[in-house]
Amino acid sequence: LPAPKGAKPTPALEDDSKRPDDLAARIKKFTGAATRIVWSRADNPADIFGEKREAQLLGFDTEDGRGERCILAQPDSYARPLITPDGQRIVVSNVATHICYVVNFDGTGLHEFAQGFAACLWSDPKTKETWVCVREKEGSGKTEVIVRRKLDHPEVAVRIWTTADNGESAMSHVGLMNDGIHAVDCNPWPIIGTIDVERGRFKSVTNGCWPSVCPDETGRFFTFRGNHRSIYMFDKLKSDGR
């Protein structure tokens, strides 16, 4: 729709051609704590799933004064990087090789973790151990399953879900909630729903994209609406899994 006659353009909040000098302070104000961030940077903005082996893995630490830095400079596929709760390590997936890896925040110690795609991290509220939920093939067949693997011992694994994900997307969207028995997923995309891991039940709640869960005990989760410019937010699941 046209703007009202005589209306002035909305001014930009700031010049986004350069990073502000107080970026670290702004991030801390927003998050309320010392913060580390990791992300994948690719020259091709259309490569939203990180399928091309042309990206780099970057990071930012509000406390070290170094600003943005390159963690892994070798061009490759660095899809959905996940930072561990202690901020020390990163789990990232290579969708070209179908292998997920672990690397230290300083770029050292890169090693293969498991075959498949690392969809989310889960911290056991009792033991505080970190687990990685990996979408992987079941044997030599086409069935896609979600397996929870212990970060420090990936051979310790628990299969938690057989997904209806048809494999058309390089990325898995499953998110395990704090209680370890509920999750959200595209099953398959764009059907967003909740999973009762113990009962093996899926309940569709909406259509959308990129669902994500809060890592705390609230059980809240959200998903993008169709335009990827707004979200649906859902409150804690009821005891019956709804």
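A 4.5 Å side-chain heavy-atom check between Thr206 and Thr223 finds at least one atom pair inside the cut-off. Contact check for Val132 versus Phe113: side-chain heavy atoms found under the 4.5 Å cut-off. Put simply, the side chain of Phe222 does not reach to within 4.5 Å of the side chain of Val213, judged on heavy atoms. Contact annotation: the side chain of Arg26 approaches that of Pro20 to within less than 4.5 Å [non-hydrogen atoms, C-beta and beyond]. Residues Glu138 and Glu144 have side chains not in contact (no heavy-atom distance under 4.5 Å, counting atoms from C-beta outward). You'll find the side chain of Pro85 reaches within 4.5 Å of the side chain of Thr130, heavy atoms only. Residues Asn207 and Trp189 form no side-chain contact, since every pair of their non-hydrogen atoms from C-beta on lies 4.5 Å or further apart. Put simply, the side chain of Val134 reaches to within 4.5 Å of the side chain of Cys100, judged on heavy atoms.
Note: Asp235 CG to Thr218 OG1 = 8.5 Å, rounded to the nearest 0.5 Å. Note that NE2 of His98 and CD of Glu136 are 13.5 Å apart. Values are rounded to the nearest 0.5 Å. Taken from CD1 in Ile191 to SG in Cys186, the straight-line distance is 9.5 Å, to the nearest 0.5 Å. Atom-to-atom distance recorded for Leu176:CG and Cys133:SG is 4.5 Å, nearest 0.5 angstrom. Residue Gln115 holds its CD atom at 11.5 Å from OG of Ser93, rounded to the nearest 0.5 Å. The structure places CG of Leu82 at 4.5 Å from CG of Leu121, a figure rounded to the nearest 0.5 Å.
Every residue two or more places apart in sequence or in another chain that forms a salt bridge (Lys or Arg N to Asp or Glu O under 4.0 Å) with Arg89 is listed here: Asp152. Partners of Glu54 by salt bridge (Lys or Arg N to Asp or Glu O under 4.0 Å), not counting sequence neighbours: none found. Taking Arg80 as the reference, nothing meets the salt bridge (Lys or Arg N to Asp or Glu O under 4.0 Å) condition, with sequence neighbours excluded. Taking the salt bridge (Lys or Arg N to Asp or Glu O under 4.0 Å) definition, one finds that Glu63 meets it with Lys28, sequence neighbours left out. In terms of the side-chain hydrogen bond (donor to acceptor under 3.5 Å, both in side chains) criterion, residue partners of Asp64 (sequence neighbours excluded) are, by chain and number, Arg69. Taking Thr162 as the reference, Arg159 meet the side-chain hydrogen bond (donor to acceptor under 3.5 Å, both in side chains) condition, with sequence neighbours excluded. For Thr143, there are no side-chain hydrogen bond (donor to acceptor under 3.5 Å, both in side chains) partners at least two apart in sequence or on another chain.
Between the side chain of Ser77 and the backbone N or O of Val95 there is at least one donor-acceptor pair closer than 3.5 Å. Trp122 places a side-chain N or O within donor-acceptor distance of the main-chain N or O of Met177, the cut-off being under 3.5 Å. A donor-acceptor pair under 3.5 Å is absent between the side-chain atoms of Arg53 and the main chain of Asp76, judged by distance alone. Between the Asn94 side chain and the Thr97 main chain, a donor and an acceptor come within less than 3.5 Å of each other. Under the 3.5 Å distance criterion, the side-chain polar atoms of Asn104 are left unmatched by any main-chain donor or acceptor of Gly107. For the pair Asn187 (side chain) and Thr163 (backbone), a donor-acceptor distance under 3.5 Å is absent.
Residue pairs meeting the salt bridge (charged side-chain N to carboxylate O under 4.0 Å, His left out) criterion with at least one member in residues 97-125: none, sequence neighbours excluded. Pairs engaging residues 171-181 under the side chain to side chain donor-acceptor pair (under 3.5 Å) rule: Asp179-His182 [sequence neighbours left out]. Counting only residues at least two apart or on different chains, the salt bridge (charged side-chain N to carboxylate O under 4.0 Å, His left out) pairs with a member in residues 31-40 are Arg36-Asp61.
There is a path of hydrophobic side-chain contacts, each under 4.5 Å, that joins Val197 to Trp131. Hydrophobic clustering (ILVMFWY, side-chain heavy atoms < 4.5 Å, transitive): Trp161 and Val156 are in one cluster. Linking ILVMFWY side-chain heavy atoms closer than 4.5 Å, directly or via other members, places Leu151 and Val158 in two distinct hydrophobic clusters. A single hydrophobic cluster is not seen to contain both Ile37 and Phe30; linkage of ILVMFWY side chains at heavy-atom distances under 4.5 Å, directly or through other members, places them apart. When hydrophobic clusters are built by joining Ile, Leu, Val, Met, Phe, Trp and Tyr residues whose side-chain heavy atoms come closer than 4.5 Å, directly or via intermediates, Val174 is not grouped with Phe117.
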Quiz prompt | Chi angles and distances behind the side-chain contact (heavy atoms from CB on, under 4.5 Å) call for Gln56, Ser40 | solution = CA-CA 6 Å; Gln56 292 179 318; Ser40 177; over 6 Å; no
Exercise. Apply side-chain contact (heavy atoms from CB on, under 4.5 Å) to Val184 and Ile195, showing your working.
Key: CA-CA 6 Å; Val184 297; Ile195 298 170; over 6 Å; no
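Relative ring orientation between Phe234 and Phe221 is described as parallel, the plane-to-plane angle staying below 30° on a 0-90° scale split at 30° and 60°.
By the 6.0 Å contact criterion, CG on Asp22 is enclosed, its count of non-hydrogen atoms from other residues, nucleotides or ligands being greater than 12. For His153, the NE2 atom is loosely surrounded, since the number of other residues' heavy atoms within 6.0 Å does not exceed 12.
Nearest heavy atoms, Arg135 versus Ser169: NH2-O, 3.3 Å.
The other residues sharing a hydrophobic cluster with Phe105 are Val38, Leu57, Ile71, Leu72, Tyr78, Ile83, Ile90, Val92, Ile99, Tyr101, Val103, Leu110, where clustering joins ILVMFWY side chains under 4.5 Å apart.
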Identify each donor-acceptor pair in which a side-chain atom of residues 41-50 lies under 3.5 Å from a protein atom, sequence neighbours left out, and give them as a table.
residue, atom, partner, partner atom, Å
Arg41, NH1, Glu68, OE2, 3.0
Arg41, NH2, Glu68, OE1, 3.0
Arg41, NH2, Glu68, OE2, 3.2
Asn44, OD1, Ala46, N, 3.0
Asp47, OD1, Gly50, N, 3.4
Asp47, OD1, Glu51, N, 2.9
Asp47, OD2, Lys52, N, 3.2

